[in-house]
Protein chains: 2
Amino acid sequence: MTGTTKDHEPATRDSRARASDAASVARYRRAVDYLAAAQIYLRANPLLEEPLRPEHIKKRLLGHWGTAPGINLVYSALNREILRTGANVLLVTGPGHGAAANMANMYLEGTITEFYPEMTRDRAGMERFLRAFSWPRGFPSHLSPAMPGVIHEGGELGYALSTAFGAAFDDPDLVVCCIVGDGEAETGPTAGSWNGNKFLNPGTDGAVLPVLHLNRWKIANPSISGTMTEEEIVSLYTGYGWEVLFVRASDRIEEDLDETVGAAFEKIRALQGRARGGEEMERPRWPLIVLETPKGWGCPREVDGEPVEGTFRSHQIPIPNPRENPAHLALLERWLRSYAPQELFDSEGRPQPDLLSQCPPPPLRIAMNRAANGGLRRVPLAVPPLDRHAVPVDPEARGSIRSSHMKALGAYLSDVIVDNEPRRNFRIVCPDELESNRLGDVLNVTSRQYVWPTPPGTEKTARDGRVLEILSEHMCQGWLQGYLLTGRHGLFPCYEAFLPIVDGMMNQYAKFLKAATETSWRAPVASLNYLLTSEAWRQDHNGFSHQGPGFINNLLTKKGKTYRIYLPPDANCLLSTMNHCLQTTNYINLVIAGKQPMHQWLTMDEAIEHCRVGASIWRWASSNDGEDPDIVLGCSGDNLTVE
Amino acid sequence: MTGTTKDHEPATRDSRARASDAASVARYRRAVDYLAAAQIYLRANPLLEEPLRPEHIKKRLLGHWGTAPGINLVYSALNREILRTGANVLLVTGPGHGAAANMANMYLEGTITEFYPEMTRDRAGMERFLRAFSWPRGFPSHLSPAMPGVIHEGGELGYALSTAFGAAFDDPDLVVCCIVGDGEAETGPTAGSWNGNKFLNPGTDGAVLPVLHLNRWKIANPSISGTMTEEEIVSLYTGYGWEVLFVRASDRIEEDLDETVGAAFEKIRALQGRARGGEEMERPRWPLIVLETPKGWGCPREVDGEPVEGTFRSHQIPIPNPRENPAHLALLERWLRSYAPQELFDSEGRPQPDLLSQCPPPPLRIAMNRAANGGLRRVPLAVPPLDRHAVPVDPEARGSIRSSHMKALGAYLSDVIVDNEPRRNFRIVCPDELESNRLGDVLNVTSRQYVWPTPPGTEKTARDGRVLEILSEHMCQGWLQGYLLTGRHGLFPCYEAFLPIVDGMMNQYAKFLKAATETSWRAPVASLNYLLTSEAWRQDHNGFSHQGPGFINNLLTKKGKTYRIYLPPDANCLLSTMNHCLQTTNYINLVIAGKQPMHQWLTMDEAIEHCRVGASIWRWASSNDGEDPDIVLGCSGDNLTVE
């Protein structure tokens, strides 16, 4: 075991006021576990005031119980940390399948009622709330943009942690807690995400507090983490540079988790305090919590003679058929009554006051963190005047100049960086291709951000900078999604052939955008801007593997309102296009342009007009002397629009 | 530091005959480094018999020098291990950009001449060989199927290690060495691949020997691994379950690497020997070599006053402009002459005998390993008679039965597994969805293979089995590619929505297949069979994130000769389709079929005919009594074909 890893961190509770007594903590947990199970099962009799009958049970049982009790433990421990210290906390829930747990907390604390007033905190409202779960006109069974506090849906696993890092950049007060399921932990993108700690600046960025939820099972198999020894887990994450804090299931789990969460926040504040006091820390070692609990903790140990609690059988619906199987119904009733809802809610279905005392006031609630509805705090990007970077084109000699579109864009982006530096709200993410894609000029005005010490000879890299380069398209995409959804702006330049690596992520993001724009209270976020370059046609030197123009095809299949595609034909058109894209919201913008020197055709004014109308007709005509051909520009006008 | 990790492994040289003396080893290294550099630079004067002049230099300089010296070190150390022990070695080169190095070894040992007879090992042949590198009618600058020994191209980074595991399954005598660049190591898919060790059975599978080549730099940045301490690297990979062996640049690098490679092979044989002797080992700890060398080792330290050797500037072309810049030309000449080619090749350009003594005889050469041209050893899969699994359909009452297509397929696949068990040449890879996709019946005749101890309650899992389940589509795809390209068969069932996670990998595999089928000496390999189920239309319960029918669109953009798409309308058609697909070669087959109970329409004979012709016309007609409608099947016949 390495010296830097501590198992049970010594408590420092005396430094913090306890928000509530142990009994209320336990009762809160019973309440949210009950509400999570009830969302999966009940369509009526929400407080179990009557004996449970088949007609109280939903006709189709959907949802994932297995991860829910763990989410509830984390959610409530974060709440208590907020109550103790006023911490500014955002939660990214990797196991988004466990939405019933998040929803239970949001309902109990009152957030759901604020967004969905019909779901009042009383008997009738609770019934509406329970029925709405996993119902076409209600909520999905997974986290979704229709739910407050959500910046990550979690259906396609692997991206929670990179999204959390994206949310933390440039938000120095924020702590992004990220629950990583041990299933998700075996995806490649998650495995690569742990390295985000080396990019996060404790002086100027927020923090990411991962909670690896080790419940040892996936749908039908043990998780890989579930077969590792504690020593291996500590070794692995220590190797990634984290300080591993273990919390294990016990009768005092809430207290242990409180202590560990409290210790983690203190470590975070200590690292940030040192950095903000001017210390140039080497290798800041952020805390990571490993929370080990039985899967589906709290549900029946056995159903039909098969073990359920603590096994893969609790992954979804622990008791499969209570509507038709009386034994299942009786078992379900016993399980649900084990939470004693009548002790938690009053005769009208209102939560008892001591439960409410466990919930932070609205401005501090996790689900109402403004970062999760990032459009609310989005400040439009300042964009430089286009004339400043126009490539000079002589209308008498169009095409006579050859220059790289990317070089021109690099100069323009440098101004974007400088002009927006005070707000620290623009970032370029790139898989180690910024210079290869000829955008290196931006590194004259900023740096690649990398916090850990780099070898001698490293250039244009600093602990603080607007550029994040990592050889991982997955990380670039996840970071940018988290950054945009929390109200900032960004650009993702990439080799064309390798953007299909994130086809799946883009699919999910397009769906997130679609659902978000259909959610009335979601404010528009800055568009996700892809800059595709090093196109297939110019990759002969890199060979077949570097040729693949397919990303555009995939984007073309998305909902029309979620994307725009641009193919600017010269540098001035590229500048005008990027100028436009950086100011749009709620789109995925795909801009495709080459990096090799190419003919330049349009003056800046013509380019702006060409881009405004969306297309124009160019005619190759002989000039007066019959020798030098020229291009005649004819914009077709009002019947074409850019969008 | 954990106790299981040793730094410099004690040498056990006396147990192995040294293949050659240190001088020849050093001369071999000079020769392959020279040939790698010469491929990048020279179009004439291959032996430097004349002073170097601009016209000897290629007009366009392409290739990646940075990784080449490291590949040469590994390649030659493996050769010496083969000479010492007769080991059966396949090499997967993650940094495929460094193809010039692989090619240098293959040319020197004579493999290139065997496949491309005009590239003789003399002055004229060498010139042809050097010119062919990165030339439209020659070889790409990256590894490609046109090169012997290649099962992984390496242009899109992240998949070398999973491909290596795929090659090792069920080939107990094989050691697959996999060079992982430290750039590639930061991709998500590579980070997730290290867990493959928990699936590899030392009794029945071959071994994977990863060599993490730590040269600390990518294109323009330090690698993340390059900023980690040795303690962190050891901790990380020990946590993943490997035994880490470090080898560092020094004057005795060849000797150190020989000792470490030898020790690694001995450890591998020891683990295998214990398992094959009947011991049920817990957590077999396979060796992993970390090879730390300066990037571009051997090229000029400085060019134009900038440091090059040991920095990112050696990534591609260390001396950029020798054709036009006399100082660059002089520097290049000094560099190339530092290898003293006249001492390595005779006056006719033939390699000196002591160099050839470093090369294994043809059957043992890495590049001529039959696993790398897997079609040569492919045994067609035995498929069960379709009648055995036919879903009974009454032509008088079509559609009256509803059943799950997947259930029927599960029974069929069970027979495939049983019938081919003696040959151990069929595997199902799946991201923890086999049972969810209702193919669980196969687990009645085989198991999920997982070698490390699993928690109590684990079911249908054993140290040996035909199913590999991991929550990672990347791993499933990489494992299957490696398995197929080495001559075996397989199936990849997946939720439709999540197969776009491997869009990028599929793109690259389709290109590999295209290039492979254009390479005359490549024997056909079994098709890569995707089974897409849990389609968008039946994922309402799982929500929007689980809906995404886009994989078919992506596949439709590939070269027509590389893929086939099937949409069988009922269970019998699905069985007939799968029966066909499992017998085809060199395709990517995409079979899309639901898992929910659906109407059954065709008898097995009709289904076979429907699938043979590719499409048929179904007419909904009133039956004789005017009450029960019926389907009239009309196959349109010879003008339609299945393929």
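Every value quoted in this text rests on a predicted model; they were computed, and no experiment measured them. Throughout, a chain's letter reflects where its sequence line sits, starting with A, and its residues are numbered from 1.
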Inset, instruction - Please flag which part of Y237(A) lies under 4.5 Å from any non-hydrogen atom of chain B: side chain, backbone, both or neither. - result: neither
Legend entry - Polar side-chain atom of K295(B) near backbone of W217(B) as donor-acceptor pair, under 3.5 Å: yes
Legend entry - Side chain / backbone / both / neither for D432(B) at chain A, heavy atoms under 4.5 Å: both
Legend entry - Side chain / backbone / both / neither for T458(A) at chain B, heavy atoms under 4.5 Å: both
Inset, instruction - Starting at OG of S314(A), measure out to CZ of R301(A) and round the result to the nearest 0.5 Å. - result: 13.0 Å
Inset, instruction - State whether the side chain of K511(B) and the backbone N or O of Q547(A) hold a donor-acceptor pair below 3.5 Å, judged by distance alone. - result: yes
Inset, instruction - Heavy atoms only, distances under 4.5 angstrom: which of I501(B), L157(B), T461(B), T227(B) has the most pairs with chain A? Name it, please. - result: T227(B)
Legend entry - Approximate separation, where rounding is to 0.5 Å, of L471(B) CG and S223(A) OG: 9.5 Å
Legend entry - Residue K460(B) versus chain A: region with a heavy atom under 4.5 Å: neither
Inset, instruction - Could you check which of I219(A), T187(A), T311(A) has the highest count of heavy-atom pairs closer than 4.5 Å to chain B? - result: I219(A)
Inset, instruction - Name the member of G154(A), A497(A), G188(A), A185(A) that forms the most heavy-atom pairs with chain B at distances under 4.5 Å. - result: G188(A)
Legend entry - Polar side-chain atom of S235(A) near backbone of G239(B) as donor-acceptor pair, under 3.5 Å: yes
Legend entry - Heavy-atom proximity to chain A below 4.5 Å, by part of L556(B): neither
Legend entry - Which atoms of T454(A) approach chain B - backbone, side chain, both or neither, heavy atom under 4.5 Å: both
Legend entry - F544(B) and H142(A) aromatic centres sub-6.0 Å: no
Inset, instruction - Return yes if some donor-acceptor pair links the side-chain N/O of T190(A) with the main-chain N/O of G158(A) below 3.5 Å, else return no. - result: yes
Inset, instruction - Check whether P307(A) gets within reach of chain B through its side chain, its backbone, both or neither, counting any heavy atom under 4.5 Å. - result: neither
Legend entry - Ion pair check, E232(A) and R285(B), cut-off under 4.0 Å: yes
Inset, instruction - Say whether, by atom type as modelled, one donor and one acceptor occur between the side chain of D182(A) and the main chain of N215(A) under 3.5 angstrom. - result: yes
Legend entry - Closest-packed option against chain A by number of heavy-atom pairs under 4.5 Å, given F312(B), Y240(B), W452(B): Y240(B)
Inset, instruction - Keeping the roles fixed (side chain from S144(B), backbone from P140(B)), state whether a donor-acceptor pair exists under 3.5 Å. - result: no
Legend entry - Proximal component of E186(A), with respect to chain B [non-hydrogen, under 4.5 Å]: both
Legend entry - Under 4.5 Å from a heavy atom of chain A, the part of I233(B) involved: neither
Legend entry - Largest heavy-atom contact set with chain B, pairs under 4.5 Å, which of N554(A), L434(A), L499(A), T229(A): T229(A)
Inset, instruction - Starting at SG of C494(B), measure out to CG of N437(B) and round the result to the nearest 0.5 Å. - result: 8.0 Å
Legend entry - Top contributor to chain B contacts, counting heavy-atom pairs under 4.5 Å, from I470(A), N553(A), V502(A): I470(A)
Legend entry - Portion of P549(A) that has a non-hydrogen atom of chain B nearer than 4.5 angstrom: neither
Legend entry - N/O donor-acceptor pair under 3.5 Å between Q508(B) side chain and S545(A) backbone: yes
Inset, instruction - Using non-hydrogen atoms and a 4.5 Å limit, figure out which bit of Y450(A) sits close to chain B: side chain, backbone, both or neither. - result: side chain
Inset, instruction - Would you give the length of the straight line joining atom CE of M505(B) to atom CD of Q477(B), rounded to the nearest 0.5 angstrom? - result: 5.0 Å
Legend entry - Y159(A) portion near chain B, given a 4.5 angstrom heavy-atom threshold: side chain
Legend entry - From L236(A) atom CG to E231(A) atom CD, the distance as rounded to the nearest 0.5 Å: 12.5 Å
Inset, instruction - Please flag which part of W194(A) lies under 4.5 Å from any non-hydrogen atom of chain B: side chain, backbone, both or neither. - result: neither
Inset, instruction - Could you tell me which portion of F199(A) (side chain, backbone, both or neither) has an atom closer than 4.5 angstrom to a non-hydrogen atom of chain B? - result: side chain
Legend entry - Side chains of K218(B) and N221(B), donor plus acceptor under 3.5 Å: no
Inset, instruction - For each of P222(B), S472(B), G192(B), G550(B), tally heavy-atom pairs with chain A at distances under 4.5 Å, and name the one with the top tally. - result: P222(B)
Inset, instruction - Could you tell me which portion of K198(A) (side chain, backbone, both or neither) has an atom closer than 4.5 angstrom to a non-hydrogen atom of chain B? - result: side chain
Legend entry - Atom group of P431(B) that falls short of 4.5 Å from chain A, counting heavy atoms: neither
Legend entry - Residue K558(A) versus chain B: region with a heavy atom under 4.5 Å: neither
Inset, instruction - Using a cut-off of under 4.5 Å on heavy-atom pairs, state which of G183(B), G241(B), G548(B), S436(B) scores highest against chain A. - result: G183(B)
Inset, instruction - Measure the shortest side-chain to side-chain distance between E433(A) and R438(A) over non-hydrogen atoms and say whether it is less than 4.5 angstrom. - result: no
Legend entry - Option that, when pairs with chain B are counted at under 4.5 Å, heavy atom only, ranks first among R216(A), E459(A), H474(A), R313(A): E459(A)
Legend entry - chain B contact via M228(A) - which portion, at a heavy-atom distance below 4.5 Å: both
Legend entry - Max heavy-atom pair count under 4.5 Å with chain B, selected residue of R448(A), E184(A), E469(A), E435(A): R448(A)
Inset, instruction - Working to the nearest 0.5 Å, report the span between SG of C430(B) and OH of Y495(B). - result: 9.0 Å
Inset, instruction - Would you mind checking which part of E473(A) comes under 4.5 Å of any heavy atom in chain B, side chain (CB onward), backbone (N, CA, C, O), both or neither? - result: neither
